[in-house]
Trainee: 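Input: one structure, supplied below.
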Amino acid sequence: MSKAVQPIRGMNDILPESTATWQWVEAAARAVFAAYGYRELRVPLVERTELFSRSIGEVTDIVEKEMYSFTDRNGDHLSLRPEATASCVRAAISNGLIHNQQQRLWYAGPMFRYERPQKGRYRQFHQIGAEALGFAGPDIDAELILMSARLWRVLGLEGLQLELNSLGTTESRRAYRELLVEYFNDHRAALDEDSLRRLGQNPLRILDSKNPQMQAVVAGAPVITDHLDSESAEHYAQLRAALEAAGVAYRVNPRLVRGLDYYSRTVFEWLTDRLGAQAAVCSGGRYDTLVEQLGGRPTPAIGWALGMERLVELVAGLAPPPAAPHAYLVPLGTEPHALALAEALRDRVPGLRLQVHCGGGSLKSAMKKADRSGAELALILGAEELAADGIVVKPLRSAAEQEVVTRGVLVERLAQGVAPGRG
Ligand code: ATP
Ligand code: MG
C-alpha cells in the first residue's frame with residue numbers, strides 16, 4: 001500500500017455525523033434572512049490580493065500574516081478570501097448593485113486564514129454573514145443585531161453576551177489616535193514587539209492585542225467613546241435605545257475595536273464563555289468608508305459574520321437527530337425488480353426516505369443492516385412475493401407481526417408513515 005495523503009493542518013473534513021447539524025443551522029439562518037428580506041449573494045473564493053490589503057488594512061494580523069496568497073499563471077496576485085465583506089462590496093460595485101439602490105444581502109461559505117489551529121480556530125473555517133449596503137441610520141444597525149439575536153432564539157442557543165462599542169468616524173478617530181499614541185509612548189516599556197511596530201502605523205490595533213501581558217497597559221488607555229463626534233454619539237445612543245426597546249441585552253465595551261481597519265461607528269460581538277479563548281461567535285460593524293475606499297461611490301454600510309464551527313459546537317446538543325429512513329428494502333435475489341419498485345415507491349410517496357439493501361449477502365446480515373439504519377419498516381422482496389405482486393412488511397421498532405401486503409397497501413402504509421407528525 002502506498003502512503004496515505006495527509007490532510008492540511010487546520011482544514012477539516014466535516015463528516016456526515018455532523019453535517020446534519022450544519023444543515024440545520026444553515027436552514028435556520030436562511031429562514032431568518034428571508035424573514036428580514038435579505039437575499040443571498042455568492043462571491044468567488046479567490047480575489048485579487050489588493051482587495052483585502054486595501055479593505056482589511058495592511059497593518060492587521062490578517063493581511064500581515066494570515067493570507068493564503070499566490071501568483072497565478074498570468075502573474076496576477078490573488079488570495080483565498082479571509083473574509084467576505086470586502087468581496088461583497090467588490091461585487092456590489094462590479095455589478096452596479098448599489099447604484100441608487102440599497103441592498104440587504106447574505107452569504108455563506110469557507111474562509112481561509114493561516115492562523116495557529118486550535119479548538120474553534122482553523123485555517124479553513126466557515127462563515128455565514130449579512131451585509132446591508134446603502135443604509136446610514138442606527139435603525140439598520142439594530143435590525144442586523146436583532147436578526148442575529150433571532151437566529152440564536154430559533155436555534156435554542158442561550159447565554160451569548162452581546163458587546164457593543166462605537167468607533168466614531170475617521171475624523172473623530174484621528175484625534176483619539178493622537179491621544180492613544182501619546183499614552184502608549186509614555187508606556188513603551190510595557191509594549192510587546194507587535195505593539196511597538198503598530199504604535200507608528202496603526203495604534204488602535206494595540207487595543208485588539210491578544211497578548212495577556214498587554215492587558216494591563218491596554219486597560220489604562222484612553223477610551224474611544226469619550227472622544228466621539230456628536231453625530232456618532234447620537235447614532236450610538238439611538239442604537240442602544242432601539243436594542244433596549246426590543247429587549248436585547250448588551251454590555252458596552254469601549255475596548256472593542258475589532259481586527260479589521262474598515263469599521264466606523266457601531267462595532268459589536270456576540271461572545272460565549274463555553275469555547276475558551278475562541279469567545280467570539282459572531283462579530284460585525286459599520287463600514288461607512290469601505291465602498292469608497294474600494295472605488296465605489298460613498299455608501300454607508302454595516303454587516304456581521306458568524307463562525308459556523310464555533311456556532312455548531314455550541315448548538316450540537318440542540319439539533320434534532322438526523323432523519324432515519326422510513327423503510328429499508330431487502331431484495332432476495334430480486335435486485336432489478338427491487339430497484340424498480342424502490343423508484344416507483346419514491347415516485348408515489350413524496351418525502352419517502354427509502355434505503356435499498358445493495359451487495360447481496362444473507363437475509364440475516366441484511367436484516368442487521370436494516371435495523372442499524374434506524375428504519376421503521378423492513379420490506380422484503382423474495383421471488384414468491386414478486387410473483388404474487390406482494391411484499392413482506394416487517395415492523396422493526398414494534399412487536400407487531402410481519403405480514404405480506406399488496407403494492408397498493410404498501411404505498412398507503414408508507415404514505416401514512418411519511419405524513420407530518422409521523423416518522
Ligand atoms: P477572533 O477574535 O476569534 O480571531 P475575528 O475578530 O478575527 O475573531 P472576524 O474576522 O470578525 O473574527 O470573523 C467573524 C467570526 O468568524 C468570528 O466571530 C468567529 O466566530 C469566526 N472566526 C474568525 N476566525 C476564525 C477561525 N480562524 N476559525 C474559526 N472561526 C473563526
Ligand atoms: Mg482573528
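These numbers come from a predicted model, not from an experiment. Below, each value reflects all heavy atoms present in this structure, side chains not excepted, and no hydrogens, waters or symmetry copies.
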Trainee: Using only atom types and a distance under 3.5 Å, with no angle test, would you say the side chain of R123 pairs donor to acceptor with the backbone of E115?
Mentor: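 Yes, R123 side chain to E115 backbone: donor-acceptor pair under 3.5 Å.
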Trainee: Output the distance between atom CD (E313) and atom CE (M308), rounded to the nearest 0.5 Å.
Mentor: 12.5 Å
Trainee: Would a 4.5 Å heavy-atom cut-off, applied to side chains only, mark T169 and R265 as touching?
Mentor: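 The answer is yes, as the side chains (C-beta and beyond) meet within the 4.5 Å cut-off.
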Trainee: I'd like to know if the side chain of R255 reaches the main chain of A221, judged simply by a donor and an acceptor atom lying under 3.5 Å from each other, with no hydrogens or angles considered.
Mentor: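 Side chain of R255 to backbone of A221: a pair is present.
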Trainee: Hey, are the side chains of S209 and D192 touching, using non-hydrogen atoms and a 4.5 Å cut-off?
Mentor: yes
Trainee: Between R205 and E64, is there a side-chain N and carboxylate O pair less than 4.0 Å apart?
Mentor: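 Salt bridge absent between R205 and E64.
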Trainee: Do other residues, nucleotides or ligands put more than 12 heavy atoms under 6.0 Å from E231 CD?
Mentor: no
Trainee: Rounded to the nearest 0.5 Å, how far apart are CH2 of W304 and CD of E131?
Mentor: 9.5 Å
Trainee: What's the spacing between I206 CD1 and S195 OG if we round to 0.5 Å?
Mentor: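 Answer for the CD1-OG pair, I206 versus S195, is 5.0 Å.
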Trainee: Does E163 reach the main-chain N or O of L256 with its side chain, forming a donor-acceptor pair under 3.5 Å?
Mentor: no
Trainee: Assess the side chains of E412 and Q416: does a donor N or O sit below 3.5 Å from an acceptor N or O?
Mentor: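 Per modelled atom types, E412 and Q416 side chains form no pair under 3.5 Å.
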Trainee: Rounded to the nearest 0.5 Å, how far apart are CD1 of I302 and CG of D141?
Mentor: 3.5 Å
Trainee: For L204, is there any backbone N or O sitting under 3.5 Å from a side-chain donor or acceptor partner on R177?
Mentor: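 Checked: no pair found.
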Trainee: Using a strict threshold of under 4.0 Å (side-chain N to carboxylate O), is an ion pair present between E343 and R346?
Mentor: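 Salt bridge present between R346 and E343.
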Trainee: Start with the C-alpha gap between T266 and L144, add the side-chain angles, then the distance that decides, and say whether side-chain contact (heavy atoms from CB on, under 4.5 Å) holds.
Mentor: CA-CA 11 Å; T266 310; L144 275 160; over 6 Å; no
Trainee: How long is the span from the OG1 atom in T299 to the CD atom in E292, to the nearest 0.5 Å?
Mentor: 8.5 Å
Trainee: Show the nearest heavy-atom pair for residues A319 and W24, with the distance to one decimal.
Mentor: CB-CE3, 3.5 Å
Trainee: Of the non-hydrogen atoms in E158 and R274, which two are nearest, and what is the gap between them?
Mentor: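 Smallest heavy-atom distance, with atoms named: O-NH1, 4.5 Å.
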Trainee: Just by modelled atom types, is the I14 backbone N or O under 3.5 Å from a matching donor or acceptor in the S18 side chain?
Mentor: no
Trainee: Donor-acceptor pair, D13 side chain versus L15 backbone, under 3.5 Å?
Mentor: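 Not at all, since once roles are kept as given, no pair shorter than 3.5 Å links the two residues.
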Trainee: Whether the Y287 and Q293 side chains hold a donor-acceptor pair (N or O, under 3.5 Å, no angle test) is what I'd like checked.
Mentor: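 Q293 and Y287 do not have a side-chain donor-acceptor pair below 3.5 Å.
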Trainee: Would you please test L379 and L354 for side-chain contact (heavy atoms from CB on, under 4.5 Å) and show each step?
Mentor: CA-CA 10 Å; L379 314 175; L354 174 62; 4.1 Å; yes
Trainee: Kindly indicate whether the side chain of Y107, heavy atoms from C-beta on, has any atom under 4.5 Å from the side chain of S87.
Mentor: no
Trainee: Using only atom types and a distance under 3.5 Å, with no angle test, would you say the side chain of Q103 pairs donor to acceptor with the backbone of Q101?
Mentor: no
Trainee: Hey, does F33 have a side-chain heavy atom less than 4.5 Å from the side chain of R104?
Mentor: no
Trainee: How far apart are the closest heavy atoms of A366 and Y328, and which atoms are they?
Mentor: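 Nearest heavy atoms, A366 then Y328: O-CE2, 3.9 Å.
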Trainee: Would E83 and R113 satisfy salt bridge (charged side-chain N to carboxylate O under 4.0 Å, His left out), going step by step from the backbone distance to the final call?
Mentor: CA-CA 9 Å; E83 57 116 40; R113 297 183 193 175; 5.6 Å; no
Trainee: Walk me through it: do L311 and W270 pass the test side-chain contact (heavy atoms from CB on, under 4.5 Å)?
Mentor: CA-CA 11 Å; L311 182 57; W270 286 98; over 6 Å; no
Trainee: From I62 CD1 over to S79 OG, what is the distance, rounded to the nearest 0.5 angstrom?
Mentor: 11.5 Å
Trainee: Restricting to ring-ring contact (aromatic ring centres under 6.0 Å, His included), what partner residues turn up for Y68, sequence neighbours left out?
Mentor: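 Partners of Y68 by the ring-ring contact (aromatic ring centres under 6.0 Å, His included) criterion, ordered by chain and then number, come out as Y114.
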Trainee: Mind listing the closest non-hydrogen atom pair of V404 and E385 along with its distance?
Mentor: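 That would be CG1-CG, 4.5 Å.
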Trainee: Salt-bridged, K394 to D371, with N to O below 4.0 Å?
Mentor: no
Trainee: Over all heavy atoms of both residues, which pair between D194 and R197 is shortest? Give the atoms and the distance, please.
Mentor: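 Shortest heavy-atom separation between D194 and R197 comes out as OD1-NH2, 2.7 Å.
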Trainee: Would you name the heavy atoms of I93 and L294 that are closest together and state the gap between them?
Mentor: CD1-O, 3.7 Å
Trainee: Would you please say whether a donor-acceptor pair under 3.5 Å links the side chains of N74 and D72?
Mentor: no
Trainee: Is the shortest heavy-atom distance from the side chain of L167 to the side chain of R286 under 4.5 Å?
Mentor: no
Trainee: Would you mind reporting whether R413 and E403 have side-chain heavy atoms less than 4.5 Å apart?
Mentor: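 Sidechains of R413 and E403: in contact.
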Trainee: May I ask you to check whether Y38 and E143 show a side-chain donor-acceptor distance below 3.5 Å?
Mentor: yes
Trainee: Do E309 and Y122 come close enough that some side-chain heavy atom pair is under 4.5 Å?
Mentor: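 In contact.
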Trainee: Pair R90, R48 - check side-chain contact (heavy atoms from CB on, under 4.5 Å), show working.
Mentor: CA-CA 10 Å; R90 199 266 315 130; R48 292 182 191 284; over 6 Å; no
Trainee: Would a distance-only check, ignoring hydrogens and angles, find a side-chain to backbone donor-acceptor pair under 3.5 Å from S398 to P395?
Mentor: no
Trainee: Just so I know, are the side chains of R297 and I98 near enough to count as touching, which here means a heavy-atom distance under 4.5 Å?
Mentor: no
